[in-house]
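These values consider heavy atoms only, across backbone and side chains, with no hydrogens, waters or symmetry-generated copies. What you are looking at is a predicted structure, and each value in this text was computed from that prediction instead of being measured.
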Amino acid sequence: ARAKRSLRKSSLEASERVTPAGESTRIVEVHHRRGEVLRLLARYPESIEAFERMREAARSGGDRVREGEALVETAYSQFLAFTSEGIQQCRRFATEALAIGRETADQHVVARSLCYLGLVAQAEGDPAAGDRLFEESLGIARAAGFADTVAVNLTWLGAHANWRGEFTRAIDTSRQAMAEVRPRHHLEPGL
């Protein structure tokens, strides 16, 4: 299995060197999808590597939008590693992604960056600062119709309300988050 992974990785690296310039968007997408799959498998270091390669491919193709996406994906994988260094790296990558998102007017990258910066604030023991960032992200995500980001922000705002003992708000916010994901995942109303 390890030899097959190594061969696939080597094949991808070789394709980057021989792929025509117009194909760089496909290489970016391959790294993006690979990073997502590795993250779902909790293989965070490999996921981070895939997203860094995505960024390199986007940068070499002059695609600032995809570069911002790569940075925000890297930030999330860094956060999920749940290490002190990962939290700091999450901040670094989310801050870079936020700057590119604002430069390119990519509201999804902006909203996700703010959300991940909210997670950093939370991890550093400042849930109030996290709430402010989640609320800002939530406003952008709602306005643009990014249900995935709306749900994540509502989930964390609900968790923070729960931690503060604001149980009615926590339940309401959690229900709103559930309403956002239910249509995307075909969940039954009772769930």
Side-chain angles (χ1 to χ4, degrees), residues 24-25 27-40 44-161 173 176-177 180-181 184:
S24 67
T25 56
I27 297 299
V28 168
E29 192 59 27
V30 167
H31 286 301
H32 188 190
R33 298 294 178 207
R34 185 171 186 272
E36 288 178 324
V37 168
L38 290 165
R39 185 169 53 214
L40 287 170
Y44 303 119
E46 292 169 272
S47 172
I48 291 163
E49 181 183 324
F51 291 130
E52 287 174 351
R53 295 189 69 111
M54 175 189 173
R55 181 183 184 192
E56 291 168 15
R59 188 182 277 167
S60 70
D63 189 340
R64 292 288 282 169
V65 170
R66 295 307 303 265
E67 184 179 349
E69 290 173 12
L71 285 164
V72 81
E73 296 290 4
T74 305
Y76 187 44
S77 289
Q78 288 283 0
F79 179 80
L80 291 177
F82 294 116
T83 65
S84 295
E85 181 183 334
I87 298 300
Q88 294 311 309
Q89 291 299 319
C90 178
R91 177 197 313 281
R92 183 181 130 221
F93 287 111
T95 301
E96 287 183 55
L98 181 59
I100 290 176
R102 287 182 170 152
E103 169 196 322
T104 61
D106 186 330
Q107 292 300 92
H108 200 211
V109 167
V110 170
R112 289 182 66 205
S113 298
L114 291 167
C115 179
Y116 301 153
L117 289 169
L119 290 173
V120 169
Q122 171 203 80
E124 292 178 338
D126 192 351
D131 281 356
R132 287 189 296 277
L133 289 158
F134 294 138
E135 290 285 356
E136 185 178 355
S137 175
L138 178 61
I140 293 166
R142 276 190 168 146
F146 304 134
D148 58 335
T149 308
V150 168
V152 171
N153 284 299
L154 288 169
T155 298
W156 285 110
L157 288 166
H160 289 183
T173 307
Q176 289 177 49
E180 288 294 329
V181 298
R184 290 174 45 126

What is the distance from atom [atom1] of [X] to atom [atom2] of [Y], rounded to the nearest 0.5 Å?
X: Ser24; Y: Ile27; atom1: OG; atom2: CD1; answer: 8.5 Å
X: Glu69; Y: Arg64; atom1: CD; atom2: CZ; answer: 12.5 Å
X: His160; Y: Thr155; atom1: NE2; atom2: OG1; answer: 11.0 Å
X: Glu135; Y: Cys115; atom1: CD; atom2: SG; answer: 11.5 Å
X: Leu38; Y: His31; atom1: CG; atom2: NE2; answer: 11.5 Å

Any non-hydrogen side-chain atom of [X] less than 4.5 Å from a side-chain atom of [Y]?
X: His108; Y: Asp148; answer: yes
X: Arg34; Y: Met54; answer: no
X: Leu157; Y: Leu138; answer: yes
X: Glu36; Y: Phe51; answer: yes
X: Leu119; Y: Phe134; answer: yes

>> Run the side-chain hydrogen bond (donor to acceptor under 3.5 Å, both in side chains) test against Glu29 and tell me which residues pass, sequence neighbours left out.
In response: Arg33, Arg66
Non-hydrogen atoms of [X] and [Y] that approach each other most closely:
X: Leu154; Y: Arg142; result: CD2-NH2, 3.7 Å
X: Ser60; Y: Ala57; result: OG-O, 3.0 Å
X: Val72; Y: Ala97; result: N-CB, 3.7 Å
X: Val28; Y: Ala58; result: CG2-N, 3.5 Å

>> Take a 6.0 Å sphere around OH of Tyr76 and say whether it holds more than 12 heavy atoms from other residues, nucleotides or ligands.
In response: no
Going by salt bridge (charged side-chain N to carboxylate O under 4.0 Å, His left out), name the residues that satisfy it together with [X], two or more places apart in sequence or in a different chain.
X: Arg132; answer: none
X: Asp131; answer: Arg164
X: Glu96; answer: Arg55, Arg92

Non-neighbouring partners of [X] that pass side-chain contact (heavy atoms from CB on, under 4.5 Å), sequence neighbours left out:
X: Ala75; value: Cys90, Phe93, Ala94, Tyr116
X: Thr95; value: Arg91, Leu117
X: Val37; value: Leu41
X: Ala111; value: Ser137, Ile140, Ala141, Thr149

> Is a side-chain N or O of Ser77 found less than 3.5 angstrom from the main chain of Thr74, in a donor-acceptor match?
Replying inline: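 No.
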> Any salt bridge (charged side-chain N to carboxylate O under 4.0 Å, His left out) pairs touching residues 149-159, not counting sequence neighbours?
Replying inline: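 Listed by first then second residue: nothing to list.
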>> According to salt bridge (charged side-chain N to carboxylate O under 4.0 Å, His left out), does anything in residues 105-121 pair up with another residue at least two apart or in another chain? List the pairs.
In response: Glu73-Arg112
> Residues in ring-ring contact (aromatic ring centres under 6.0 Å, His included) with His32, at least two apart?
Replying inline: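 With sequence neighbours excluded, His32 shows a ring-ring contact (aromatic ring centres under 6.0 Å, His included) to no residue whatsoever.
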